[in-house]
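The next block holds one structure in the form of structure tokens; read it before the comments.
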Amino acid sequence: MDFNDTPEEAAFRAEARAWLESNAERKGPDDAPPDLLGERTDSETVQRAQDWQKKKAEASWACLTWPKEVGGRGATAIQSVIWKQEESKFRTPPDIFGIGTGMCGPTIMTHGRDEQKKRWLPSLVTGEEIWCQLFSEPSAGSDLAGLRTSAVRDGEDWTVNGQKIWTTGAQFSDWGILVTRSDPNATKHAGLTYFVVDMHSPGVEIRPITQINGGQGFNEVFFNDVRIPDANRLGEVGDGWRVAITTLMNERASIGGGGGAGSVNELMKLAADTELNGKPAIEDSAVRQRIAEFYVRSKGLQFTGNRTLTALSRGTTPGPEASLGKLVGGKLIQDMAAFGIELEGFCGSLTQEGLAPQDATWQNRYLGIPGLRIAGGTDEVLRNIIAERVLRLPPEQRLDKGVPFRDVPTGPPSK
Amino acid sequence: MNFDFSEDQKLLQKTAKDYLEEHSPLTVCREVLESDAPYARDLWKGAAQLGWLGTAIPEEYGGAGFGYLELAVIAEEIGRALAPIPFASSVYLASEALLRFGSDTQKQKYLPELASGEWIGTFAVAERPGQNGAEGIETSFAGGVLSGTKVPVLDGDVANFAVVVARSGHGSGLSLVLTDLDGDGVEREAIKSIDPSRSTARVVFSKAPAELLGEDGPGDGAGQTDALLDRAAVLMAFEQLGGAARAFESTLEFTQGRYAFGRPIASFQAIKHRLADLWCEIELARSNCYYGAWALSNEDSELGIAACNSRISSSHAFDLAGVEMIQLYGGVGYTWEYDCHLFYRRAKLLSVALGNPASWKDKLITRLLESRAAAASAEARNTDD
Ligand SMILES: Cc1cc2nc3c(=O)[nH]c(=O)nc-3n(C[C@H](O)[C@H](O)[C@H](O)COP(=O)(O)OP(=O)(O)OC[C@H]3O[C@@H](n4cnc5c(N)ncnc54)[C@H](O)[C@@H]3O)c2cc1C
């Protein structure tokens, strides 16, 4: 038992690090933590992100596990993790390609025809084209298969009408992966068809949505008679659910849990620098108890990550048990943020630059983290996954199976 | 990355599991619980014959000469079986105390007997409610004799000797001393505890002959106690992990077989979600236990922190598993006849046996602050150069 690289892994790490040293700047101890939800998305940031992606692609450090023919490196899963570990030690622009490289690309690779792979994958690797995920709808989130956006065949094209929502990055994307209902008379999961849509098509309208923290990472996307060539269909007509599952599996694998060990250090620092009842808060026993609990959980996550890496290193693919990271990690960060705010006493309310303790780190996290507990599978959905797919407990009794989709009970549309 | 046990270690674990499934079903635990027997003698002999007691004792002292990773996987199985034997006292505490701090003569004398199971050893630190470590000790050692009262002492009624924390006037004022429990000046009685499947005693020393543990005599008894508790904490965490996993598996099975409202209760989401959360807690504990085992087997400087992590995580997981087990079994879970209370009791016993979780959380923060300070001063030194 050890934390060491195998000799091959160590050599790979050294190679990655050497390239990074000569192409990027190392992070300092005071660098801000990464933006969890990728919200800093003005056009200048997008450009910087594209430049960095291109530079990596040219040296074969982008989409490492993808085959060389489409611009990847043909690397193993563990090598890709090693690369990410090393890259995270350097100052780089926010990753706006995660949805494309983590979800869209793998789906195209699994279900796309050769000409589709040739058309879309290389420009995804180089970052020239940016992708988004058009899955959720106002009345279909956790219950994704309940979606209603319609696709009707019309000659060589399809005509699409409806609305998607919570589409991260739609405002600067070139392409989107889109699940539609092509047959409302079929049962819920059977009537779906999956497309790749050009976001610049006529009839696509994008309206940003403002989050609780004031950011605008996601959007509403309206489709008004948007024409999509049949050549952009992924998988068979009516087989869209199976294709969507591939995307979702990759999403869960890519979101994963951070661990938050770094955050515990910041909390320790706050507790050392903040007074409580006339002495440093870190000397207060209630404070110590809470921080110790946070620390133990964050280390538990970190070492669970090490166990997963060990499995990867031996060539096994992690399964649904990977849901643990996001489920435990999201709540942990939220609890720590709440605690950090409370430690600051009266000043815990401040977000004013220059006045807020620790640059309002905890306040910002507190306002950002609820999104993480909802996006990419809510906590409740993750618990369902663990219960049914890891622990193999009996499934829910359902009212939406075996009947035509139009007969599935539904509530009034949300406003 | 190779953060896992080796194939050989897993094989050893499987052998231990198979053996205990056959020789230590829960009826064995229950027999000890319900009778006056202090422990399961046959099982103890079996564990000795398989070499488990001397797993981490070097061959020159009659042990198997394996390491702590091997001992950890056996501990997990001991915990899974709720084995009613003085394993923790004799192996994680008495043997470790001798290995770490004993003189060569003492090692020669005690370790082979411990490895063979001929002798049972224990560790006596506790004296009063609220105590979680070596604080407030009144038992004294002077002129070669020991006086004072230790309570509770796990397995103190059956152990042949004890490593006792006593006020000695040396160094910090505390020393670890070795004393024969069958000898003069020792009175002991079994006392009732929350988990009668393990025995607990009150031991009174009245000028009992004793000797300092270790050659140079005056040790830092408080520091030694801490070090010993750290090592035992990692190993006991594996026991707790095994107990938690077993309680969880039984609960999974039970809830799938029990029907209410026309369906298995495990199909109700309120129950599924609790089981999913419990699974997460046990996985986190497992990961933290691995960290502890890694630190222990490498004698790493992070051992102090890793021990806190393993202990806090495992105590929480086992406690929660016991609580949830009774709740999800319903009425039968609250009966003497069902086995839920065996887990519930053992979890609570182990969660205080080496000091309560709150004391370990406090210790964790102290150690984190120390390691941060050390890192900061190392950095300052580097920039001075
Ligand atoms: C920051 C952010 C970014 C996002 N980005 C994208 C994106 O790029 N593309 C995209 O397609 N979508 C995106 N989403 C949407 C996200 O996937 C959905 O919000 C999520 O799946 C939940 O769906 P919902 O909002 O409709 O809530 P609902 O599904 O209506 O859930 C409401 C509540 O009911 C609970 N619930 C629902 N079903 C069950 C059940 N079976 N058992 C128990 N409880 C249940 C949920 O857990 C939740 O608490 C994003 C969301 C956020 C917050």
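All chains are named by letter (A, B, ...) in the order of the sequence lines, taking the proteins before the strands, and each is independently numbered beginning at 1.
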ask   = Considering only heavy atoms, which portion of A:Lys269 lies under 4.5 Å from any heavy atom of chain B: side chain, backbone, both, or neither?
value = both
ask   = So, A:Thr304 versus B:Arg286: side-chain donor-acceptor pair below 3.5 Å or not?
value = no
ask   = Less than 4.0 Å between a side-chain N and a carboxylate O, is that true for B:Glu302 and A:Lys299?
value = no
message = We want to know whether B:Asn2 and A:Arg314 form a side-chain donor-acceptor pair, criterion being a heavy-atom distance below 3.5 angstrom.
response = yes
ask   = Is the count of non-hydrogen atoms from other residues, nucleotides or ligands lying under 6.0 Å from B:Lys10 atom NZ greater than 12?
value = yes
query = So which of A:Ala387, A:Ser285, A:Pro394 has the biggest tally of heavy-atom pairs under 4.5 Å with chain B?
reply = A:Pro394
ask   = Measuring from B:Leu284:CG to A:Phe303:CZ, what's the distance to the nearest 0.5 Å?
value = 12.0 Å
ask   = Heavy-atom distance under 4.5 Å between the side chains of A:Met268 and B:Leu369, does that happen here?
value = yes
Candidates A:Leu309, A:Leu312, A:Val81 - the one meeting side chain to side chain contact (heavy atoms under 4.5 Å, CB included) with B:Met1 = A:Leu309
note = Rounded to the nearest 0.5 angstrom, the CD-CZ distance for A:Glu396 and B:Arg263 is 6.0 Å
Donor + acceptor pair across side chains of A:Asn384, B:Gln269 (<3.5 Å) = yes
key: Interatomic distance, B:Leu364 atom CG to A:Glu293 atom CD [nearest 0.5 angstrom]   = 10.5 Å
query = Does atom CZ of B:Arg258 have more than 12 heavy-atom neighbours from other groups under 6.0 Å away?
reply = no
task = Check each atom of B:Ser310 against the heavy atoms of chain A and say whether the ones under 4.5 Å are side chain, backbone, both or neither.
result = neither
request  = Find the one option among B:Arg372, B:Lys272, B:Gln9 whose heavy-atom pairs under 4.5 Å with chain A are most numerous.
outcome  = B:Lys272
remark   = On a heavy-atom basis, the closest approach of B:Ala358 and A:Gln289 is O-NE2, 2.9 Å
query = Is the count of non-hydrogen atoms from other residues, nucleotides or ligands lying under 6.0 Å from A:Phe12 atom CZ greater than 12?
reply = yes
ask   = Where on A:Glu388 is there a heavy atom nearer than 4.5 Å to chain B: the side chain, the backbone, both, or neither?
value = side chain
key: Part of A:Asn306 lying under 4.5 Å from any heavy atom of chain B   = both
query = Can you name the side chain to side chain donor-acceptor pair (under 3.5 Å) partners of B:Glu77, sequence neighbours left out?
reply = B:Gln13
ask   = Top residue by heavy-atom pair count (under 4.5 Å) with chain B, among A:Ile386, A:Leu324, A:Asp2?
value = A:Asp2
ask   = Take atom CD in A:Gln85; do more than 12 heavy atoms of anything else shown fall under 6.0 Å from it?
value = yes
key: Under 4.5 Å from any heavy atom of chain A - which part of B:Ser6   = neither
ask   = Within a radius of less than 6.0 Å around NZ of A:Lys401, do more than 12 heavy atoms belonging to other residues, nucleotides or ligands occur?
value = no
Note, A:Val296 side chain near B:Lys361 side chain (heavy atom, < 4.5 Å) = no
ask   = Do NZ/NE/NH1/NH2 and the carboxylate oxygens of B:Asp277 and A:Arg383 come within less than 4.0 Å?
value = yes
key: Any donor-acceptor pair under 3.5 Å from A:Arg288 side chain to B:Ile365 backbone   = no
key: Separation of A:Phe3 CZ from B:Tyr290 OH (nearest 0.5 Å)   = 12.0 Å
query = Tell me, do B:Ile305 and A:Tyr295 make a side-chain contact under 4.5 Å, heavy atoms counted?
reply = yes
task = Return the option, out of B:Leu368, B:Thr255, B:Leu275, with the maximum number of heavy-atom pairs under 4.5 Å with chain A.
result = B:Leu368
inquiry  = Going by the rule salt bridge (Lys or Arg N to Asp or Glu O under 4.0 Å), which residues pair with A:Glu21 if we only count those two or more places apart in sequence or in a different chain?
reply    = A:Arg26
key: chain A contacts, top residue of B:Ile312, B:Asp362, B:Ile271 (heavy-atom pairs, under 4.5 Å)   = B:Asp362
Choice from B:Phe5, B:Tyr291, B:Trp360 maximising heavy atom contacts with chain A below 4.5 Å = B:Tyr291
Chain A contact via B:Glu281 - side chain, backbone, both or neither, heavy atoms under 4.5 Å = side chain
ask   = Which of the residues B:Asn309, B:Leu252, B:Thr366, B:Leu69 is involved in the greatest number of heavy-atom pairs with chain A at under 4.5 angstrom?
value = B:Asn309
note = Value for CG (A:Leu301) from CD (B:Glu283), rounded to nearest 0.5 Å, stands at 11.5 Å
task = To the nearest 0.5 angstrom, please state how far the CZ atom of A:Arg297 sits from the CG atom of B:Asn288.
result = 10.0 Å
message = Restricting to non-hydrogen atoms, name the atom on B:Asn298 and the atom on A:Met1 that form the minimum distance, rounded to 0.1 Å.
response = ND2-O, 4.5 Å
request  = Please look at A:Val390 and chain B and tell me whether the side chain, the backbone, both or neither of the residue comes under 4.5 angstrom of a heavy atom of that chain.
outcome  = side chain
query = Relative to chain B, which segment of A:Leu327 carries a heavy atom at a distance below 4.5 Å: side chain, backbone, both, or neither?
reply = side chain
inquiry  = side chain to side chain contact (heavy atoms under 4.5 Å, CB included), that's the test. Do B:Phe3 and A:Thr308 meet it? Break it down for me.
reply    = CA-CA 9 Å; B:Phe3 191 54; A:Thr308 311; over 6 Å; no
